[in-house]
Participant: 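The structure follows.
Letters A, B, ... mirror the listed sequences (proteins, then strands); counts begin at 1. The structure presented is a predicted model; accordingly, all values stated were derived computationally and were not measured.
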There are 2 protein chains.
Amino acid sequence: MKKLPKPTESELSILRILWEHGPCGVRVVAGELSRERQKEVGYTTALKLLQLMHAKGLVERDETERSHRYSAKHPPETMQRHVVAEVADRIFGGSTTRLAMQALSSRQASPDELTQLKQLIEELEQKKGKK
Amino acid sequence: MKKLPKPTESELSILRILWEHGPCGVRVVAGELSRERQKEVGYTTALKLLQLMHAKGLVERDETERSHRYSAKHPPETMQRHVVAEVADRIFGGSTTRLAMQALSSRQASPDELTQLKQLIEELEQKKGKK
DNA sequence: TAGTGTCAACGAAACTTTTCGTAGATATGA
DNA sequence: TCATATCTACGAAAAGTTTCGTTGACACTA
């Protein structure tokens, strides 16, 4: 398994944009970033961040056109797993279960979501049983 | 409600130590911090961090003895709620439910924990129903 | 070809966070 | 009392992150 570098705050924002929009040029990223924060983000700022992310292996770059297109290297799920594990370790003593419980308690979920969750738990219990 | 400042990585490490040990002197914090990372953390480094955290209102300080004792100002639950909400916003599009599901999928929970979870979900469904 | 606009690359400034050296106060023990 | 140890406070260096000005390459068009 390869080690994927932990993204900074800004880098995470950019990943979110790329996940949502698919491959983007710098100008689009700068625009979205500006909208997301209250504040205008300069073109070169966004470019620099993308370049750093490319160097770190967080994004891929298509250079066939003069205006390069960037895309996230990893799907959201990979990063989410990573962050969840880290948060669990950092403040839930490594327990993803306690993390899940806190998440569920903190905001009201819809009945539909609760049903989904129950189903997931059923599956997990099945898997446990088989072993 | 008062606004609690977001702790940095180091600050979170220190909070974890204080939550676990209760009120501590600087030397203990420096020691635990050193053990947790692979690397020795100097006494003054730990002191400085604690002083900053005190200024930010993250920790409280008992100055009755010459060697001050620091303790976390907020219980772990408060910080956990905070972090969970932030993580949900930052990479799960605000959905704490999806965060919970990712957490459950990423590591195997014990049967006991699964039972607890089901119970929690039952309660949430009850609450929903009442309204 | 000259003028205009867009682009990537680079480097440095601005800002944040972490680390530690040093100074001065207070206690401890020979 | 004098030497030694422990502590807080302060400030600044070091490291990490974000921001942007400037440059030179390239493309379009008059």
Side-chain angles (χ1 to χ4, degrees), chain A residues 3-18 23-71 79 83 86 90-91, chain B residues 3-18 23-71 79 83 86 90-91:
Chain A
K3 195 182 77 182
L4 77 164
K6 180 174 147 236
T8 65
E9 294 289 279
S10 298
E11 290 171 346
L12 208 47
S13 299
I14 288 180
L15 285 177
R16 262 211 318 289
I17 290 166
L18 296 179
C24 289
V26 178
R27 200 156 291 284
V28 172
V29 172
E32 288 298 301
L33 219 45
S34 300
R35 204 160 51 75
E36 187 167 296
R37 313 179 179 181
Q38 253 67 346
K39 205 191 156 220
E40 181 70 16
V41 173
Y43 176 92
T44 50
T45 301
L47 172 63
K48 183 66 163 193
L49 284 168
L50 285 165
Q51 286 172 339
L52 287 171
M53 291 171 78
H54 184 245
K56 282 192 194 178
L58 283 171
V59 299
E60 282 171 338
R61 183 164 63 181
D62 174 0
E63 308 184 4
T64 54
E65 300 291 326
R66 182 158 96 97
S67 159
H68 301 171
R69 299 185 81 67
Y70 291 84
S71 51
M79 199 59 73
V83 172
E86 179 173 309
R90 293 200 78 71
I91 69 173
Chain B
K3 193 181 75 180
L4 77 165
K6 179 173 148 242
T8 65
E9 293 290 280
S10 299
E11 289 171 348
L12 208 47
S13 299
I14 289 181
L15 285 176
R16 259 212 320 291
I17 291 166
L18 296 180
C24 288
V26 177
R27 198 157 293 282
V28 171
V29 171
E32 289 297 303
L33 220 45
S34 300
R35 204 161 49 76
E36 187 168 296
R37 313 177 180 181
Q38 253 66 347
K39 206 191 153 218
E40 180 69 17
V41 173
Y43 178 93
T44 49
T45 302
L47 172 63
K48 182 66 162 194
L49 285 168
L50 285 165
Q51 285 172 339
L52 288 171
M53 291 171 78
H54 184 244
K56 283 191 192 179
L58 284 171
V59 299
E60 281 170 339
R61 184 165 61 183
D62 174 0
E63 308 184 7
T64 54
E65 300 292 326
R66 182 158 96 98
S67 156
H68 301 171
R69 299 185 81 69
Y70 292 84
S71 51
M79 201 57 75
V83 172
E86 180 173 309
R90 294 200 77 73
I91 68 171

Participant: Suppose we screen for side chain to side chain donor-acceptor pair (under 3.5 Å). Which residues come up paired with B:Gln51, at least two apart in sequence or across chains?
Facilitator: none
Participant: In whole angstrom, give the distance that lies between atom CG of B:Leu50 and atom C1' of D:dT8.
Facilitator: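 To the nearest whole Å, that distance equals 12 Å.
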Participant: Taking atom P of C:dT26 as reference, at what distance in whole Å does atom CD of B:Glu63 sit?
Facilitator: 14 Å
Participant: Contact between B:Val26 and B:Ser67 at the side-chain level, heavy atoms closer than 4.5 Å - yes or no?
Facilitator: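 Of all side-chain heavy-atom pairs linking B:Ser67 with B:Val26, none is under 4.5 Å.
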Participant: Separation of A:Glu65 atom CD from D:dC26 atom P, in whole Å?
Facilitator: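 These atoms are roughly 16 Å apart.
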Participant: Under 4.0 Å from OP1 or OP2 of D:dC10: is there any side-chain N or O of B:Gln51 that close?
Facilitator: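 B:Gln51 to D:dC10 OP1/OP2: no side-chain N or O under 4.0 Å.
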Participant: State, with a plain yes or no, whether a side-chain heavy atom of A:Lys6 is found less than 4.5 Å away from one of B:Glu9.
Facilitator: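 Yes. Closest side-chain heavy atoms under 4.5 Å.
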Participant: Does the side chain to side chain contact (heavy atoms under 4.5 Å, CB included) test come out yes or no for A:Leu15 and A:Val59, once each step is laid out?
Facilitator: CA-CA 8 Å; A:Leu15 285 177; A:Val59 299; 4.2 Å; yes
Participant: Mind calculating the distance between CE (B:Met53) and P (C:dT17) to the nearest angstrom?
Facilitator: 13 Å
Participant: Return the residues of residues 24-32 of chain B meeting this criterion: a heavy atom under 4.0 Å from some atom of DNA chain D. Order them by number, or give none.
Facilitator: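 The answer is B:Val26, B:Arg27.
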Participant: For the residue pair B:Val41 and B:Glu36, establish whether any side-chain heavy-atom pair is separated by less than 4.5 Å.
Facilitator: no
Participant: Of all residues at least two apart in sequence or in a different chain, which pass the side chain to side chain donor-acceptor pair (under 3.5 Å) check with A:Glu63?
Facilitator: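 Only A:Arg61 meet the side chain to side chain donor-acceptor pair (under 3.5 Å) criterion with A:Glu63.
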Participant: Which pairs with one or both residues in residues 44-59 of chain A pass salt bridge (charged side-chain N to carboxylate O under 4.0 Å, His left out), sequence neighbours excluded?
Facilitator: A:Glu11-A:Lys56
Participant: Residues two or more places apart in sequence or in another chain: which of them pass salt bridge (Lys or Arg N to Asp or Glu O under 4.0 Å) with A:Arg37?
Facilitator: none
Participant: Taking protein heavy atoms under 4.0 Å as touching, what does nucleotides 16-24 of chain D look like 5' to 3' if B marks base contact, S marks sugar-phosphate-only contact and - marks none?
Facilitator: -SBBBBB--
Participant: Give the rounded distance in Å between these two atoms: CZ of B:Arg69 and P of D:dT8.
Facilitator: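 In whole Å, D:dT8 P lies 11 Å from B:Arg69 CZ.
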Participant: Send over the distance from A:His54 NE2 to C:dA8 C1', rounded to a whole Å.
Facilitator: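 From A:His54 NE2 to C:dA8 C1': 13 Å.
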